[in-house]
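Written out below as structure tokens is the structure these notes cover.
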Amino acid sequence: MSERFEAAGADARWQAEWEARGTFHADDNSNQPKSYVLEMFPYPSGRIHMGHVRNYTMGDVLARFRRMRGMEVLHPMGWDAFGMPAENAAMEKGVHPGDWTRANIAAMRAELKRLGFALDWSRELATCEPDYYGHEQALFLDFLEAGLVYRKESAVNWDPVDMTVLANEQVIDGRGWRSGALVERRKLSQWFLKITQFGDDLLEGLQGLQHWPDKVKLMQANWIGRSKGLRFKFALERPSTSLGTNGLSNIPFVSSDVETRFSDVEVFTTRPDTIFGASFVAISVDHPLAQALKDSTAGLPEFIEQCRKTGTAAAEIETAEKLGFDTGLKATHPLDPSWQLPVFVANFVLMEYGTGAVFGVPAHDQRDLDFARKYMLPVTRVVASSPEEKDKPVHDEADTDPGLIVNSRFLDGMTSEDAKGAVIARAEAEGWGEGTTVFRLRDWGVSRQRYWGTPIPIIHCDGCGPVGVPRDQLPVVLPEDVSFDIPGNPLDRHPTWKHVDCPKCGAPARRETDTLDTFADSSWYFIRFASQPKDRPFDRAVAEQWLPVGQYIGGVEHAILHLLYARFWTRALQHIGALNVAEPFTGLFTQGMVTHETYKDAVGNWLSPAEVSNSVVTATGEPVTVGRVEKMSKSKKNTVDPGPIVDRYGADAVRWFMLSDSPPERDLPWSEAGIEGAGRLVQRLWRATAPGEGAGGADLDLDRKLHRTIDGVATDIEALSFNKAVAKLYELIGAIEKAKPSASRDTASRTLIRLAAPMVPHIAEEAWARIGGEGLVADAEWPAVDPALLIDDEVTIAIQVNGKLRDTIQAPKGSSREELEALARANAKVLAILAGAEPKKVIAVPDRLVNLVA
RNA sequence: GCGGACGUGGCGGAACGGUAGACGCUAGCGACUUAAAAUCGCUUUCCUUCGGGAGUGCGGGUUCGAGUCCCGCCGUCCGCACCA
């Protein structure tokens, strides 16, 4: 029997054993309760990184634990395999995206297998294969038929570097999320998925997700951004003598065409209660009215141009001055035909939100106030905290709080809330407006001008328009013979691929050459994992057995995009009757990042941890500046490749490190010392689980420790508090090490193997085999807790005087308040402090403490 | 600007409103060893006249008792951002 646990041989041996036995195959037909544990599948970049290891280790512990608790666990793995990096590699290295991707998958699969994850590899899938994306095309057609897909000419976010369209979610501070290039506005015909149709459902569904982090729910709620308010119209007219406040008195004649097209302008507000505080109407520079006025209004084209130049970066918006251009048009107040408001084109009104036009209430909106001050428009208070304050002046800060309505004719005296209802009711009765709900969320533009994605299964016919590819012609497979030597979409310039006949009329037609946003691929992979028939996307009955995913684990960076799209896709499937699941993931956990110290040399170049030891450059002895602990990233060179670490310490040490110390939702600082410590633990465990010598006798303290550990570790694992479970195991190991030989010690030692098995499965199997355990420890049952052993018969009681700890005493468990008080009063230290005085009050908490108040 | 989270030793962090610092890392001392590695034991919040005293970002409050609850600051991080 070897003194040390040799991971190098044992890891591979047990991994082969699990695979040969099919230990982790999930059985659709099992009678056991089912559990679906899923980690976000990786993009096959080529190598796994520590973030993957942490993510998959957490899921693995839960999966293995639940198996031991008698559940049938589905724990699959696959590849989010479409996407830009493959095309970039093609452009840079001349390798085909498919070859590059598949080679990466093979490499990463091998790396993952070395960590011994309890995965059902028989369900492995890659989204770039026709047997996945073909079914996605079928679902797209299902959605199209159900009216959940539409095509629209629209201004899109165009990334000039990646040469593709980006969804709003993929534009960050005006830049492409991948390329970082400044995004341009372009008009293109695009396919959209009607995610806004589910805006209410997606928002309200969040309330039922009790096992999601509040933070993520809040982020989604903010993203969906539902606002209730009033949409209403101002009648427009052009007075015979225009007196623009910006000094343009000779506004040219507006063509009758414009006047007939724009007899009114529609605005949206969440504050209809402030309608009598209006002092202007402002429209976006992109508003059709502004565009129509452009040609006939001197100065307007220049103004619009000026506004466009203002950057979209956060800092610029923050400081940008409110600018307006008085069109000379007048808007008639809907509640007073004699009241006319100036109509401005303004730089702060967004075309994408609401109606692209607003009415300004300077007293109660900061932007409107800034604008009014600049253009000397009236500021009228219409909301006050009390009627007496109706004339309280508004200075530099708008009063945005709700209150009592003042200076507002028939609304006076109402609360803001009542006034909103009153105005909406009147608007609806008189026909000039209606209560509506507006979402910040916009429909999901899914067209991408890329090769390495799911082809959109549409054929464009001059006579019939866009026609879905007939089902029997699916999948629409990507052509292999493509080139990446010039920018743009290789599908579009392929010589033959797009030329097909119209399925309806037979006339020559063109294939859609756009592909789907890769977020579509990840919006249903968890369903395909649960059920993957050849001839259809999934078998409903089988999928419904497993779904929803009980525990989903991944990075918080997917809090909005992926998780919202997946929720939408699932609801869309429910809507068309394909799957009776509303929420795909009932439990969500967002794990923290793996971080590392950063290092720079004297010149300020980043150094990798491998080049540094003891704060000097290993090779040269030059001093190193140790920087802050940051997320591992290639640019800062602070990455640690898991491969060599597994070589050196074995899979279990790496897994243990990933679970120790930091709570899983927080960042985990990687350190050499930490992995060394994890390596030592593995050896300690090896010694602590050595077969006993058959000594007799009971050790009640150890029995209690064991059962508290069994109970506590189970609770901690279910709560994903792995760091606490690890600490409890350390305590048990320490207790076993210190215990004298006894039957209790042998039992604890044997039981420890099962307790550690979900976390460090290889050594657990080896130790299990060493003690002659039956079968695999992976298949063993989680040890049962004896509730009687969770209770101590003697407890430590804290003795306090005035809330300060003075002493601790041992007392029988369950001692009465009176008994405890008597013990406290007799305590030597207490007697010394009280010095004969009678305590005013005594608080005794059974099994806890006694507090004497002097 | 809006919204949210967090703040505990040298470090990662424990702690149903009830003994703050479990467990690990680091560091130090000691044992074993020819020696090293490995392993084991002890120490490791601060101050101390060795009796004790102080202590969970800062200032208040509630409570017999607050790291935990409430109010106000300060700081760090995250999300959104001219969303009407």
Side-chain angles (χ1 to χ4, degrees), chain A residues 3-4 172-173 213-223 225-227 229-230 267-271 274 282 284 310 312-314 316-320 322 346-350 352-361 364-368 370-371 400 438-441 556-557 559-560 595 629 656-657 660-663 665-669 671-678 680-681 683-684 687 721 723-734 737-738 796-809 832 839-845 847-854:
Chain A
E3 285 293 306
R4 287 177 59 81
I172 295 147
D173 286 344
D214 289 339
K215 174 189 169 155
V216 173
K217 287 191 275 189
L218 193 68
M219 281 164 71
Q220 291 218 351
N222 289 341
W223 191 265
R226 180 167 71 182
S227 298
L230 172 68
V267 303
F268 172 76
T269 180
T270 55
R271 294 294 301 271
T274 64
S284 166
T310 312
T312 44
E316 282 184 80
I317 288 169
E318 187 73 22
T319 54
K322 304 282 176 282
N347 66 344
F348 66 92
V349 183
L350 303 174
E352 301 84 48
Y353 184 78
T355 62
V358 299
F359 75 103
V361 184
H364 306 290
D365 181 283
Q366 193 59 45
R367 289 160 310 189
D368 295 348
D370 295 344
F371 191 82
T400 54
V438 163
F439 290 92
R440 180 188 181 281
L441 181 70
V556 73
E557 67 273 18
I560 297 172
T595 59
V629 175
W656 187 260
F657 182 94
S660 305
D661 296 347
S662 288
E665 68 279 7
R666 283 201 221 166
D667 290 350
L668 172 69
S671 71
E672 196 67 26
I675 185 67
E676 298 258 355
R680 278 198 294 276
L681 172 280
Q683 299 305 335
R684 255 178 101 184
R687 293 189 295 271
S721 298
N723 57 322
K724 295 189 211 167
V726 160
K728 289 188 174 82
L729 287 176
Y730 267 116
E731 285 191 58
L732 178 61
I733 293 166
E737 287 168 345
K738 287 190 179 70
T796 306
I797 302 292
I799 305 296
Q800 298 180 338
V801 176
N802 293 330
K804 278 198 194 301
L805 182 71
R806 294 299 169 179
D807 203 1
T808 58
I809 56 168
K840 284 184 218 150
K841 193 173 174 185
V842 179
I843 288 105
V845 182
D847 299 335
R848 281 275 172 204
L849 56 73
V850 181
N851 185 13
L852 298 111
V853 184

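Each chain gets a letter, A, B and so on, in the order its sequence line appears, and its residues count up from 1.
The heavy-atom pair separating A:V556 from A:K215 by the smallest distance is CG2-CE, 4.0 Å.
Residue order along RNA chain B, read from the 5' end via each residue's closest nucleotide, puts A:L668 first among A:N802 and A:L668. For the pair A:T808 and A:Q683, nearest-nucleotide mapping onto RNA chain B gives the more 5' position to A:T808.
Only the C1' atoms considered, B:G17 is 7 Å distant from B:A66, to the nearest whole Å. Atom C1' of B:A14 sits at a distance of 26 Å from the matching atom of B:C40, rounded to the whole Å. Between B:U26 and B:G18, the distance separating the two C1' atoms is 32 Å to the nearest Å. Nucleotides B:G1 and B:G55 are separated by 38 Å at their C1' atoms, to the nearest Å. B:U8 and B:A20: their C1' atoms are spaced 8 Å apart (whole Å). B:U56 and B:C50 are spaced 25 Å apart, taking the C1' atom of each and rounding to whole Å. Taking the P atom of each, B:A15 and B:C23 are spaced 14 Å apart, rounded to whole Å. Taking atom P in both B:G9 and B:A5, one finds a spacing of 22 Å when rounded to whole Å.
Ranking B:G18, B:G12, B:C80 by closeness to the A:V845 side chain, first place goes to B:G18. Comparing B:G18, B:A22, B:A81 by their nearest atom to the side chain of A:E731 picks out B:A22. Relative to the side chain of A:L218, the nucleotides B:C23, B:G4, B:C82 differ in distance, and B:G4 lies closest. Residue A:R367 places its side chain closer to B:C83 than to any other of B:G12, B:A14, B:C83. Proximity note for A:D661 (side chain, C-beta onward) versus B:G79, B:C40, B:G12: the nearest is B:G12. Distance from the side chain of A:R848 is smallest for B:C16 among the nucleotides B:C16, B:C64, B:G24.
Nucleic acid contact for A:E352: none, since no nucleic acid atom lies under 4.0 Å from a heavy atom of the residue. Among the protein residues, A:V349 comes within range of the nucleic acid bases, having at least one heavy atom under 4.0 Å from a base atom. Counting non-hydrogen atoms under 4.0 angstrom, A:N723 reaches the backbone sugars and phosphates but no base. A:R226 comes within contact range of no nucleotide atom at all, as no heavy-atom separation falls under 4.0 Å. Across all strands, A:D365 comes closer than 4.0 Å to no nucleic acid atom at all (heavy-atom distances).
A distance of 9.0 Å separates CD of A:Q800 from CD1 of A:I843, quoted to the nearest 0.5 Å. Between the CZ atom in A:R226 and the CG atom in A:L441 there is a gap of 12.0 Å [rounded to 0.5 Å]. In this structure, CG in A:N723 is found 7.5 Å from CD in A:E665, a value given to the nearest 0.5 Å. To the nearest 0.5 Å, the span separating CG on A:D807 from CD1 on A:I797 amounts to 12.0 Å.
The shortest distance between the side-chain N/O atoms of A:Y353 and the OP1/OP2 oxygens of B:A84 is below 4.0 Å. Applying the 4.0 Å criterion to OP1 and OP2 of B:G13, one finds that A:R666 has a side-chain N or O inside that range. Under 4.0 angstrom from either OP1 or OP2 of B:A15 there lies at least one side-chain N or O belonging to A:K724. A:K215 has no side-chain polar atom (N or O) that falls below the 4.0 Å cut-off from OP1 or OP2 of B:A5. For B:G4, neither phosphate oxygen OP1 nor OP2 lies less than 4.0 angstrom from any side-chain nitrogen or oxygen of A:N222. The shortest distance between the side-chain N/O atoms of A:R684 and the OP1/OP2 oxygens of B:A38 is not below 4.0 Å. A close approach under 4.0 Å does occur between a side-chain nitrogen or oxygen of A:S227 and OP1 or OP2 of B:A84. Residue A:R680 places at least one side-chain N or O closer than 4.0 Å to OP1 or OP2 of B:C25.
By the rule that a glycosidic angle within 90° of 0 means syn, B:G9 counts as syn. In B:G7 the O4'-C1'-N dihedral to the base is more than 90° from 0, which defines an anti nucleotide.
In this structure, A:L729 atom CG and B:G24 atom P are separated by 12 Å, rounded to whole Å. For the pair A:I843 CD1 and B:U19 P, the computed distance is 15 Å after rounding to whole Å. Between A:E557 atom CD and B:C77 atom P there is a gap of 19 Å when expressed in whole angstrom units. For the pair A:R687 CZ and B:U39 C1', the interatomic distance rounds to 6 Å; values are reported in whole Å. Distance, A:L681 CG to B:U39 P: 11 Å, rounded to whole Å. Between A:L805 atom CG and B:G18 atom P the separation is 14 Å, expressed in whole Å. Taking atom CZ on A:F348 and atom P on B:G1, their separation rounds to 20 Å, with Å as the unit. Computed from coordinates, the A:L441 CG to B:C83 C1' distance equals 13 Å when rounded to whole Å.
Contact of the A:I733 side chain with the A:L681 side chain is registered, since non-hydrogen atoms from C-beta on lie closer than 4.5 Å.
In this structure, B:C2 forms a base pair with B:G79, meeting either the Watson-Crick or the G-U wobble geometry with both donor-acceptor distances under 3.5 Å. Of all nucleotides present, none satisfies the Watson-Crick or G-U wobble test against B:U19 with each distance under 3.5 Å.
Between the side chain of A:K840 and the base of B:C64, no donor-acceptor pair of N or O atoms lies under 3.5 Å.
Distance alone, capped at 3.5 Å, is enough to place a donor-acceptor pair between the A:T595 side chain and the A:L668 backbone. The backbone N or O of A:L230 lies less than 3.5 Å from no partner atom in the side chain of A:T269, so there is not a single donor-acceptor pair. Here the side chain of A:D365 pairs a donor or acceptor atom with the backbone of A:R367 at under 3.5 angstrom.
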